[in-house]
Amino acid sequence: MIQRTTRFHKLVRSIGVGSSLSSSSKQLRVHRCFGSVAASNAEQACEQSVERESYNVKKNEYADLDWDNLGFGLTPTDYMYVMKCSNNGTFEQGQLNRYGNIELNPAAGVLNYGQGLYEGTKAYRKKDGNLILFRPDQNAMRMQFGAERMCMPSPSVDQFIDAVKQTVQANKCWVPPPGKGSLYIRPLLIGSGPILGLAPSPEYTFLVYASPVRNYFKEGSAPLNIYVEAEYDRASRGESWRCQKHYQLCSINKKNLEEVSSCNIFIVKGNLISTPAAVGTILPGVTRRSIIEIARDLCYQVEERPIPVEELSEADEVFCTGTAVGVAPVGSITCQGKRMEYKTGAQTVCAQLYSTLVGIQTGHIEDKKGWIFEIE
């Protein structure tokens with residue numbers, strides 16, 4: 001998954017991030033109330049916490065959902081995780097709340113100045129029923145990087161991972177059966193405190209919610225057909241936004257490939273795999289980084305570099321990567337009225353990389369890189 005930061009004016013201020021985290025209790029605490037992101041008396045509005053509430057389900061017990069027809073849309077689960085930080089720059093121990101609407105002051109920094117960002121990661125169910133996460137530490141570090149640019153404090157890596165684990169554990173009946181999808185996890189970091197002038201928010205909220213998902217594109221696993229947009233940029237330097245399934249050109253000189261929709265892009269020519277370098281407006285995707293490492297392990301040559309749009313006509317294969325999409329093959333690209341078609345199917349480089357990645361993510365292939373985090 002993917003981190004996206006909304007535009008925020010440059011603020012000259014250094015905010016420390018106190019990130020010590022006490023060891024987590026094996027028994028999760030749940031407050032029977034909706035999370036209140038802005039109200040300072042939110043905890044007083046909650047009833048007393050209880051131990052091991054209704055989320056203490058059996059390993060293979062599932063929510064009442066049509067798992068065979070699961071798409072990529074919001075399916076509300078039972079719990080979300082909320083943690084706050086005030087002016088001292090330190091996030092306190094968070095808590096699990098019932099999933100529901102949150103309260104924000106109209107003057108909240110995220111509403112007035114766009115001071116906020118999000119991440120995306122996934123949890124998977126193995127055949128034995130155990131739950132696992134894929135490289136959540138990378139999402140935690142990317143959130144820290146984005147938060148620093150946005151003049152925001154951020155949770156420590158341990159706090160981030162602990163919050164994600166608690167969210168998955170509390171919603172484990174919503175983790176799809178093996179082979180039926182995954183639990184998409186959305187960590188948010190927002191300036192929740194009220195601020196009128198242009199300045200960092202006086203309060204920040206870290207929130208994690210989740211939703212069961214399957215295929216991101218409506219085509220499922222079928223090859224994508226992409227159109228190259230040459231008139232409008234995907235993003236200007238320092239900003240981030242997307243156009244669905246349009247292949248965007250570089251915002252600097254309109255000559256180089258950038259990204260596809262919500263994904264990073266790769267082109268294959270023989271044994272060479274190329275992808276735009278993760279600089280400027282190119283997202284340093286966790287799936288992108290994982291595919292690069294897997295490809296090199298499989299003895300492919302991988303280059304991270306500017307890729308002229310003309311190379312599309314020379315490529316054998318094109319594919320996209322992202323937390324939401326996984327690894328998606330591209331069947332064709334239409335550029336300036338010319339349609340170019342690419343190899344797809346079981347014998348392609350894309351298919352080999354995809355099967356290896358999914359094998360590691362779901363526990364079918366041994367994890368030798370320390371990418372998998374078990375949820376106890």
Side-chain angles (χ1 to χ4, degrees), residues 1-2 121-122 124 134-135 137-139 141-142 215-217 219 221-226 228 247-250 255-333 335 340-372:
M1 201 356 187
I2 55 177
T121 187
K122 286 180 177 179
Y124 301 86
F134 183 72
R135 309 192 76 176
D137 55 326
Q138 300 300 306
N139 298 94
M141 289 186 283
R142 191 169 60 180
N215 293 319
Y216 182 78
F217 293 118
E219 294 88 350
S221 58
L224 304 176
N225 298 305
I226 305 297
V228 175
Y247 208 135
Q248 307 301 323
L249 300 184
C250 178
K255 292 183 179 180
N256 297 327
L257 305 180
E258 195 166 74
E259 291 179 319
V260 174
S261 184
S262 60
C263 324
N264 293 114
I265 180 73
F266 290 77
I267 66 172
V268 181
K269 181 65 175 178
N271 196 58
L272 175 63
I273 302 175
S274 302
T275 188
V279 295
T281 59
I282 306 296
L283 179 73
V286 176
T287 307
R288 170 188 179 277
R289 180 175 177 180
S290 302
I291 285 295
I292 288 173
E293 293 187 45
I294 291 172
R296 286 173 174 159
D297 289 344
L298 295 174
C299 298
Y300 289 101
Q301 180 184 352
V302 181
E303 293 182 350
E304 300 176 70
R305 59 179 176 83
I307 302 177
V309 68
E310 290 77 15
E311 291 192 25
L312 287 174
S313 62
E314 304 170 1
D316 299 326
E317 299 177 40
V318 177
F319 62 88
C320 312
T321 66
T323 298
V325 305
V327 181
V330 173
S332 72
I333 294 179
C335 178
M340 295 161 284
E341 298 187 349
Y342 305 101
K343 296 178 182 177
T344 59
Q347 304 304 315
T348 60
V349 174
C350 173
Q352 182 184 19
L353 296 175
Y354 170 78
S355 62
T356 303
L357 176 68
V358 172
I360 296 173
Q361 289 176 329
T362 57
H364 290 89
I365 295 177
E366 181 184 359
D367 171 32
K368 299 180 179 179
K369 295 177 175 290
W371 289 353
I372 297 300

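Hydrogens, waters and symmetry mates play no part in the numbers below; they use all other heavy atoms, side chains included. Remember, it's a predicted structure, so these values are computed and weren't measured experimentally.
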**Message:** Determine whether Asn225 and Ser332 satisfy the following criterion, side-chain contact (heavy atoms from CB on, under 4.5 Å), listing intermediate values before the conclusion.
**Reply:** CA-CA 5 Å; Asn225 298 305; Ser332 72; 2.7 Å; yes
**Donor-acceptor under 3.5 Å (Asp316 side chain, Gly270 main chain)** = yes
**Prompt:** Hey, does Phe319 have a side-chain heavy atom less than 4.5 Å from the side chain of Val268?
**Reply:** yes
**Request:** Report yes if some heavy atom in the side chain of Cys263 is under 4.5 Å from a heavy atom in the side chain of Thr321; otherwise report no.
**Result:** no
**Asked** Under the salt bridge (charged side-chain N to carboxylate O under 4.0 Å, His left out) rule, what pairs show up with a residue in residues 347-356, not counting sequence neighbours?
**Response** none
Name the atoms and distances for all side-chain donor-acceptor pairs under 3.5 Å in residues 298-306, with sequence neighbours left out.
from   : atom 1 : to     : atom 2 : distance (Å)
Tyr300 : OH     : Gln352 : OE1    : 2.6
Gln301 : NE2    : Glu303 : OE2    : 3.3
Glu303 : OE1    : Arg305 : NE     : 2.7
Glu304 : OE1    : Arg288 : NH1    : 3.4
Glu304 : OE1    : Arg288 : NH2    : 2.7
Arg305 : NH1    : Glu311 : OE2    : 3.1
Arg305 : NH2    : Ser274 : OG     : 3.1
Arg305 : NH2    : Glu311 : OE1    : 2.9

**Asked** So do the side chains of Tyr342 and Ile267 get within less than 4.5 Å of each other, counting heavy atoms only?
**Response** no
**Request:** Please tell me if the side chains of Asn256 and Ile307 come closer than 4.5 Å, counting only heavy atoms from C-beta onward.
**Result:** no
**Prompt:** When rounded to the nearest 0.5 angstrom, what is the spacing between CD in Gln361 and CD1 in Ile365?
**Reply:** 10.0 Å
**Listed partners of Tyr124 passing ring pair (Phe, Tyr, Trp, His ring centres under 6.0 Å), at least two apart** = none
**Prompt:** If you round to the nearest 0.5 Å, how far is OG1 of Thr287 from CG of Leu357?
**Reply:** 6.5 Å
**Message:** Is there a side-chain contact (heavy atoms from CB on, under 4.5 Å) between Lys255 and Val309? Walk through the geometry before answering.
**Reply:** CA-CA 6 Å; Lys255 292 183 179 180; Val309 68; 5.8 Å; no
**Asked** Side chains of Glu317 and Pro329: does their closest heavy-atom pair fall under 4.5 Å?
**Response** no
**Fill in**
Tightest non-hydrogen contact, residues Ala328 and Leu224, listed as CB-CD1, 4.0 Å
**Message:** With a 4.5 Å cut-off on side-chain heavy atoms, are Leu353 and Val349 touching?
**Reply:** yes
**Item:** Shortest non-hydrogen contact from Gly331 toward Thr344
**Value:** CA-CG2, 4.0 Å
**Prompt:** Which heavy atom of Ile294 sits nearest a heavy atom of Ile360, and at what distance?
**Reply:** CD1-CD1, 4.3 Å
**Nearest-0.5 Å distance that lies between atom CD1 in Ile282 and atom CD in Glu259** = 4.5 Å
**Complete:** Gly285 and Arg142 have their tightest heavy-atom pair at CA-NH1, 3.4 Å
**Message:** For Tyr354 and Ile291: C-alpha separation, side-chain torsions, deciding distance, then whether side-chain contact (heavy atoms from CB on, under 4.5 Å) applies.
**Reply:** CA-CA 8 Å; Tyr354 170 78; Ile291 285 295; over 6 Å; no
**Message:** Evaluate Leu257 against Leu312 for side-chain contact (heavy atoms from CB on, under 4.5 Å), listing each step before the verdict.
**Reply:** CA-CA 9 Å; Leu257 305 180; Leu312 287 174; 3.8 Å; yes
**Message:** Using 0.5 Å steps for rounding, measure from the CH2 atom of Trp371 to the CZ atom of Arg289.
**Reply:** 9.0 Å
**Request:** Would you check if the side chain of Ser355 reaches a backbone N or O of Ala351 as a donor-acceptor pair within less than 3.5 Å?
**Result:** yes
**Asked** Is there a side-chain contact between Ile292 and Phe266, using heavy atoms and a 4.5 Å cut-off?
**Response** yes
**Asked** Do Arg135 and Ser290 have side-chain atoms, one donor and one acceptor, less than 3.5 Å apart?
**Response** yes
**Asked** Roughly how far, to the nearest 0.5 Å, is the CD1 atom of Ile273 from the CZ atom of Arg296?
**Response** 9.5 Å
**Asked** Do Glu258 and Pro276 have side-chain heavy atoms sitting under 4.5 Å apart?
**Response** no
**Message:** Checking the side chain of Glu314 only, and the main-chain atoms of Lys269 only, is there a donor and an acceptor separated by less than 3.5 Å?
**Reply:** no
